[in-house]
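Report on one structure; see the data block that follows.
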Amino acid sequence: LFRSKFLIEKEEDKKKAHAAKEGEEGDDKRFLLMMEEYKRLRRTDKEEANKLLVKAMKLAKNGNVSQKAKLAAAYL
C-alpha cells in the first residue's frame, strides 16, 4: 500500500502534544503586519515601502519568525 510522505506527516502531527498555537513563533504577528503594510505601501510610496521591506527581512532573518509566517506573507 502506497502512502505519501505528506499523509504520514499529518498522522504524526496528530500524535504530538501541541502548544497553544502550533507552529507560531514570537515575531510572526509583527512580521505579517509589516508585510501587509509593505504590500499596501508599495503602490503609493515605493521608497517608504522599501524601507519597511528591509526591516521585515531583517526580522525574518534575525528574529523568531516561523516558516509558516513567511509562507503566509508570500500569499498576502
Side-chain angles (χ1 to χ4, degrees):
L1 181 68
F2 176 74
R3 291 175 26 170
S4 72
K5 183 180 177 184
F6 176 75
L7 292 174
I8 294 170
E9 287 176 4
K10 282 247 182 220
E11 289 174 6
E12 290 173 0
D13 286 346
K14 291 178 184 176
K15 296 175 187 175
K16 296 178 185 174
H18 300 295
K21 295 273 186 171
E22 180 186 351
E24 187 174 299
E25 300 293 336
D27 292 329
D28 284 359
K29 289 181 183 178
R30 202 165 104 205
F31 176 72
L32 286 172
L33 286 173
M34 291 173 96
M35 291 304 293
E36 285 176 15
E37 183 69 13
Y38 160 73
K39 291 193 176 195
R40 189 180 61 76
L41 273 177
R42 70 182 177 178
R43 295 183 181 138
T44 57
D45 188 3
K46 292 185 185 248
E47 205 171 294
E48 192 65 31
N50 285 336
K51 289 178 186 176
L52 189 59
L53 180 62
V54 168
K55 287 180 186 178
M57 291 298 112
K58 281 184 184 177
L59 180 64
K61 186 176 181 180
N62 301 326
N64 196 9
V65 179
S66 71
Q67 193 64 33
K68 287 182 179 182
K70 292 175 186 176
L71 183 62
Y75 286 99
L76 286 176

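Keep in mind the model is a prediction, meaning the values are calculated, not measured.
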Drop me the distance from Asp28's CG to Gln67's CD, to the nearest 0.5 angstrom.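 Reported to 0.5 Å precision, the distance equals 10.5 Å.
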How long is the straight-line distance from NZ of Lys55 back to CG of Asn50, given to the nearest 0.5 Å?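 Atom-to-atom, Asn50:CG and Lys55:NZ are 12.5 Å apart.
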Can you name the residues that form a side-chain contact (heavy atoms from CB on, under 4.5 Å) with Leu59, not counting sequence neighbours? Asp27, Arg30, Phe31, Met34, Val65
Can you sort out the partners of Leu41 under side-chain contact (heavy atoms from CB on, under 4.5 Å), two or more places apart, ordered by chain and number?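 Partners of Leu41 by the side-chain contact (heavy atoms from CB on, under 4.5 Å) criterion, ordered by chain and then number, come out as Glu37, Thr44, Asp45, Glu48, Ala49, Leu52.
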Which heavy atom of Ala56 sits nearest to which heavy atom of Met35, and what is that distance? CB-SD, 3.7 Å
Clusters formed by hydrophobic residues whose side-chain heavy atoms approach within less than 4.5 Å: which one holds Leu32, and what are its other members?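 Its cluster mates, by chain and number: none.
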Apply the test side-chain contact (heavy atoms from CB on, under 4.5 Å) to residues Met57 and Val54: give CA-CA distance (whole Å), side-chain angles for both, the deciding distance (0.1 Å), then the verdict. CA-CA 5 Å; Met57 291 298 112; Val54 168; 5.9 Å; no
